[in-house]
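Report on the structure given below.
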2 protein chains.
Amino acid sequence: MKPKVTIEDIARLAGVSKATVSRVLNERSNVKAETRERVLRVMQEQGFVPSLAAAGLAGGRSRLVGVLTPPFTQPTVPEILRGVAEAIEHTDYEIVLYSTNAGQSPTTIVNRILALGLTSCLLVIQPGPLTPRLLQLASQGLPVVVIDDQGPPPELPSVGIDNRVSAYQATMHLIRLGYRRIAHLQGPAEFRCAQERYQGYRQALDDAGLPFDPALVFNGTFETASGRACAVALATLPLAERPEAIFIANDQMAFGFLSAAEALGLRIPQDLAVVGFDDIPLSAHVRPTLTTIKQPFYEMGRNAVELLLSLLHGPAMQPVAGAEDGYQPPIRIQLPTRLVIRESCGALTLHRRQEQEHSLSDE
Amino acid sequence: MKPKVTIEDIARLAGVSKATVSRVLNERSNVKAETRERVLRVMQEQGFVPSLAAAGLAGGRSRLVGVLTPPFTQPTVPEILRGVAEAIEHTDYEIVLYSTNAGQSPTTIVNRILALGLTSCLLVIQPGPLTPRLLQLASQGLPVVVIDDQGPPPELPSVGIDNRVSAYQATMHLIRLGYRRIAHLQGPAEFRCAQERYQGYRQALDDAGLPFDPALVFNGTFETASGRACAVALATLPLAERPEAIFIANDQMAFGFLSAAEALGLRIPQDLAVVGFDDIPLSAHVRPTLTTIKQPFYEMGRNAVELLLSLLHGPAMQPVAGAEDGYQPPIRIQLPTRLVIRESCGALTLHRRQEQEHSLSDE
DNA sequence: CCTTGACATGAAAACGGTTTCATATTATGC
DNA sequence: GCATAATATGAAACCGTTTTCATGTCAAGG
């Protein structure tokens with residue numbers, strides 16, 4: 001094992017002190033150009049790489065960003081992480097990854113993160129409510145940025161989308177296609193995004209002057225199984241009460257819905273149009289392909305990193321004039337979503353839908 | 001920001017020296033049970049978490065495992081990473097993640113990893129050849145474990161599968177189904193696994209007494225596009241020369257093949273049976289669903305971590321008696337694969353294949 | 001009862017940087 | 001040409017651990 005070359009070696013070889021080498025390393029301005037030059041050259045020659053551990057210890061700060069994620073197999077995660085990784089790469093920072101495997105207390109992990117004593121900030125990818133411990137830490141000054149969902153009031157800086165507006169778009173798309181009775185399969189109530197998507201759905205119905213029928217709102221868990229359950233529930237409805245379309249709060253549930261619908265002999269979109277939410281990779285490949293709201297996961301990752309680093313490099317945000325009471329509501333970066341039209345909503349097979357309308361009006 | 005409680009505080013409160021506290025922390029045996037008890041209690045009370053940075057600096061080693069991965073969006077990666085994350089979680093170690101985004105020199109990243117000075121070992125997920133820099137580091141004593149592929153001679157400890165045998169199984173499956181003219185779309189030659197899969201294919205042909213036709217071997221890149229290209233190439237073949245089945249060296253290419261085949265009016269599996277390799281999540285969802293070799297990605301991740309840590313905790317492997325020359329060939333953990341039979345190979349629709357044989361023999 | 005280890009503990013020196021404070025050097029103003 | 005400020009550098013303290021070495025204590029052996 002090669003003996004590590006340290007700042008001291010560089011100092012000796014360049015004929016300066018450790019302090020000066022450190023200054024060069026940290027790009028301090030008060031080093032004579034000539035000296036800096038010499039030091040840099042020696043570092044180059046020696047293949048010197050400063051120890052982040054030592055720097056972190058001495059400087060009290062660190063170059064490590066803790067990233068807390070759900071399991072990678074959750075389909076939205078890889079794309080987010082790709083954005084995170086790519087953004088980090090352009091900086092001096094590194095990623096320390098904490099994956100919350102199901103069945104593990106989030107608090108345990110958060111504590112573990114701190115145990116590092118290395119991680120100076122935290123990027124949390126968490127659909128669903130935040131743990132109290134996390135909020136506590138954030139309030140103690142730990143820079144934290146959350147991707148995606150948020151507990152009731154947005155208490156932490158975050159990056160996400162406008163769930164309400166997006167759900168509105170999705171529902172409105174169905175309405176424009178001529179569907180009148182539109183159901184909704186919603187996510188669990190503890191997810192803020194589930195509530196917002198529900199609100200968007202309601203709003204669209206209202207704005208279109210369509211009646212709201214509570215019997216058409218189903219409770220889901222954001223998991224595939226609850227999509228299947230919903231399809232079954234729908235199929236057992238008397239024909240006259242069946243909806244013509246359904247807005248499902250995430251793609252995962254939509255998959256379950258589609259597969260159960262197929263098994264039940266329900267044709268999508270002829271018998272029932274479906275719109276999902278997320279646009280995860282599979283959505284373009286299920287049959288029928290899923291019309292859905294595309295979340296910009298990659299961009300969310302990138303933006304989260306940028307936000308986090310800007311927080312870290314000092315609160316450079318100028319207080320808004322006139323609101324100088326010192327309180328800054330946490331920043332939220334809201335990225336645009338997009339409706340991706342595929343087969344499941346029937347937009348691509350309008351003629352068939354017209355047939356369907358006929359047969360329905362015959363009843 | 002709360003002032004961090006250090007080992008010194010604990011020492012003072014417990015009425016012992018820093019050294020003793022350190023011993024307790026590291027579970028050294030030579031501490032009186034009573035003392036240990038007291039120290040532990042104080043640590044508990046104070047919510048003490050030792051600084052990994054300091055420990056790493058002082059101890060010369062570190063509790064960080066560097067993980068070098070391809071982009072997360074490469075479909076095999078999330079599952080591997082899940083295994084890695086889960087295995088790590090049961091240890092004191094943490095993951096520092098380095099994602100190699102396309103178009104970035106691997107050497108740059110490897111250097112960056114070392115720059116950390118934190119990472120004491122490396123887990124490399126790399127299909128394709130290893131960079132010289134990596135080999136150099138490994139030979140300098142850095143513990144490295146590679147997942148999946150390997151450069152020509154297996155120079156580093158690794159975890160993977162037996163590509164040759166798996167490809168043999170895949171091809172033999174087609175043979176058993178009665179296909180005689182079996183094509184192969186292979187991966188790029190610089191991938192060892194591509195070569196091995198090719199060999200397995202050849203071997204199966206040989207063992208079955210089937211003639212090998214070089215015209216039926218196509219060159220691919222492991223990417224979707226080359227699957228499409230292959231389908232086109234096949235379709236332009238004179239009818240009499242067309243294969244009845246094809247073994248495609250990875251699922252990604254198989255997807256391209258399937259979609260192009262559909263566009264070309266080639267029915268799968270009736271006109272042509274397809275077997276892939278990998279069993280990534282999409283494989284169960286494309287139409288027709290893909291018969292393929294399942295790689296145990298999750299287990300590969302877990303095993304790689306275990307191997308790496310065993311390497312780290314001292315070369316505890318007893319030299320084999322009689323081979324005491326000191327040279328230890330690097331360990332390779334080879335996990336079993338499994339053939340997953342779905343629609344694309346035609347096994348599920350045998351009757352149709354029989355029809356097909358009829359029509360073929362009519363020609 | 002005294003020696004010899006074994007065992008438990010403490011003091012202090014690393015580890016590789018950053019940072020503060022003092023000092024040496026140079027530039028500036030009069 | 002000299003006082004003064006600005007700039008460049010060095011010495012040493014410090015960050016929170018681990019580790020080595022020395023010391024103190026206690027039980028066993030002679």
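This one's a predicted model, so the numbers in the text were calculated from it and none came from an experiment. Residue numbering restarts at 1 for every chain, and letters A, B, ... go by the order of the sequence lines.
- Between A/Leu52 atom CG and D/dC15 atom C1' there is a gap of 15 Å when expressed in whole angstrom units.
- Atom CD of B/Gln46 sits in a crowded spot, with more than 12 heavy atoms from other residues, nucleotides or ligands closer than 6.0 Å.
- Annotation for A/Pro71 and A/Val77: closest pair O-CG2, 3.7 Å, computed over non-hydrogen atoms.
- Considering only side-chain N and O atoms, A/Asn30 lies nowhere under 4.0 angstrom from the phosphate OP1 or OP2 of D/dT9.
- At least one side-chain nitrogen or oxygen of A/Thr20 sits closer than 4.0 Å to the OP1 or OP2 atom of D/dG10.
- Not counting sequence neighbours, the partners of A/Tyr298 by the side-chain hydrogen bond (donor to acceptor under 3.5 Å, both in side chains) test are A/Glu86, A/Arg302.
- Between A/Arg28 and the phosphate of C/dT19, there is a side-chain N or O to OP1/OP2 separation shorter than 4.0 Å.
- The shortest non-hydrogen separation linking B/Glu155 to B/Pro330 is O-CG, 3.5 Å.
- Each end of the helix from C/dC1-D/dG30 to C/dC30-D/dG1 gets its own axis, taken as the rotation carrying the C1' atoms of four end pairs onto the next four within a five-pair window, and the two axes meet at 40° to the nearest 10 degrees.
- The two residues A/Tyr93 and A/Leu312 make their nearest non-hydrogen contact at OH-CD2, 3.4 Å.
- A straight line from CD of B/Glu27 to C1' of D/dT19 spans 18 Å, rounded to a whole angstrom.
- For the segment residues 33-44 of chain A, residues with any heavy atom less than 4.0 angstrom from an atom of DNA chain D are, sorted by number, A/Thr35.
- With sequence neighbours left out, the salt bridge (charged side-chain N to carboxylate O under 4.0 Å, His left out) criterion links A/Arg12 to A/Asp9.
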Which protein N or O atoms sit under 3.5 Å from an N or O of nucleotides 20-26 of chain C?
none

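- Using a 4.0 Å cut-off, no side-chain N or O of A/Thr6 falls inside it from OP1 or OP2 of C/dG16.
- In this structure, CD1 of A/Ile7 is placed 14 Å from P of C/dC15, rounded to the nearest angstrom.
- Nearest-nucleotide positions on DNA chain C place B/Val31 closer to the 5' end than the other of B/Ala54 and B/Val31.
- Summarising the geometry, the separation between CG on A/Asp92 and P on C/dT18 is reported as 12 Å, rounded to the nearest angstrom.
- The two residues A/Ile7 and A/Ser22 have their closest heavy-atom pair at CD1-N, 3.8 Å.
- Remark: A/Ser51 is not in phosphate contact with C/dG17, judged by side-chain N or O atoms under 4.0 Å from OP1 or OP2.
- For A/Glu79, the side-chain hydrogen bond (donor to acceptor under 3.5 Å, both in side chains) partners two or more places apart in sequence, or in a different chain, are A/Arg82.
- Across all strands, B/Val16 comes closer than 4.0 Å only to sugar-phosphate atoms, never to a base (heavy-atom distances).
- Of the candidate nucleotides C/dG17, D/dT17, D/dT18, C/dG17 has the atom lying nearest to any side-chain atom of A/Phe48.
- A/Thr100 places a side-chain N or O within 3.5 Å of a backbone atom of A/Thr69 that can act as its donor or acceptor partner.
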Inset, instruction - In sequence, state the C-alpha distance, the side-chain angles, and the governing distance for A/Leu335 and A/Phe297, and then conclude on side chain to side chain contact (heavy atoms under 4.5 Å, CB included). - result: CA-CA 10 Å; A/Leu335 298 173; A/Phe297 293 115; over 6 Å; no
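- Around CD of B/Glu37, the count of heavy atoms belonging to other residues, nucleotides or ligands within 6.0 Å does not exceed 12.
- Distance, B/Lys18 NZ to C/dA13 P: 11 Å, rounded to whole Å.
- Annotation for B/Gln334: atom CD counts as buried by contact number, over 12 foreign heavy atoms lying within 6.0 Å.
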